[in-house]
Amino acid sequence: MASQEKRQNLYEIELPQSIIDSFARFLVPEIQKFYASDQGQKELEAWEKKYSDQSKE
């Protein structure tokens, strides 16, 4: 049982808010660039179609 607790604790990581903020400042512009691209627009349309069809059921 101790090994299970140890294994579970390996995945419980608390990150400082400054690291989370820094990562978000990096990631948000990259996401915006992707969805502004043609490929991103196509994937967004496909995602919206898939999930709007599911919500109607």
Side-chain angles (χ1 to χ4, degrees):
M1 179 122 83
S3 64
Q4 273 186 330
E5 289 177 20
K6 185 176 181 181
R7 202 174 323 141
Q8 288 176 347
N9 289 337
L10 290 175
Y11 300 106
E12 294 178 15
I13 299 171
E14 290 190 31
L15 295 173
Q17 189 63 41
S18 61
I19 290 176
I20 296 169
D21 292 344
S22 177
F23 184 63
R25 279 192 290 276
F26 161 78
L27 196 56
V28 168
E30 296 301 315
I31 293 169
Q32 289 171 331
K33 279 193 277 186
F34 174 74
Y35 284 109
S37 72
D38 290 337
Q39 179 187 1
Q41 289 293 313
K42 288 176 187 174
E43 289 192 27
L44 178 60
E45 287 173 16
W47 182 88
E48 288 175 333
K49 184 178 188 292
K50 177 182 177 181
Y51 286 98
S52 67
D53 291 347
Q54 287 181 359
S55 66
K56 291 178 184 177
E57 293 176 357

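Quick note: residue numbers are just sequence positions, from 1.
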K.L.:
For the pair Lys42 and Glu45, evaluate salt bridge (Lys or Arg N to Asp or Glu O under 4.0 Å) and give the outcome as yes or no after the intermediate values.
P.N.:
CA-CA 5 Å; Lys42 288 176 187 174; Glu45 287 173 16; over 6 Å; no

K.L.:
Which residue in the set Val28, Asp21, Leu27 passes side-chain contact (heavy atoms from CB on, under 4.5 Å) when paired with Arg25?
P.N.:
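Between Arg25 and the candidates, side-chain contact (heavy atoms from CB on, under 4.5 Å) is satisfied uniquely by Asp21.
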
K.L.:
For Pro29 and Ala24, which heavy atoms make the closest approach, and how far apart are they?
P.N.:
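Residues Pro29 and Ala24, closest heavy atoms: CD-O, 4.3 Å.
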
K.L.:
Say whether Phe26 and Tyr35 are linked into one hydrophobic cluster, either directly or through other cluster members, by side-chain heavy-atom distances under 4.5 angstrom.
P.N.:
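Result: yes, single cluster for both.
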
K.L.:
How about Phe23: does its CZ atom have over 12 heavy atoms from other parts shown lying under 6.0 Å from it?
P.N.:
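No - once you tally the heavy atoms of other residues, nucleotides and ligands closer than 6.0 Å, there are 12 at most.
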
K.L.:
What is the distance from atom CD of Glu43 to atom CG of Asp38, rounded to the nearest 0.5 Å?
P.N.:
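Separation between the atoms: 11.5 Å.
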
K.L.:
Grab the two heavy atoms, one from Ile20 and one from Leu15, that are nearest each other, plus how far apart they are.
P.N.:
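Residues Ile20 and Leu15, closest heavy atoms: CD1-O, 3.9 Å.
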
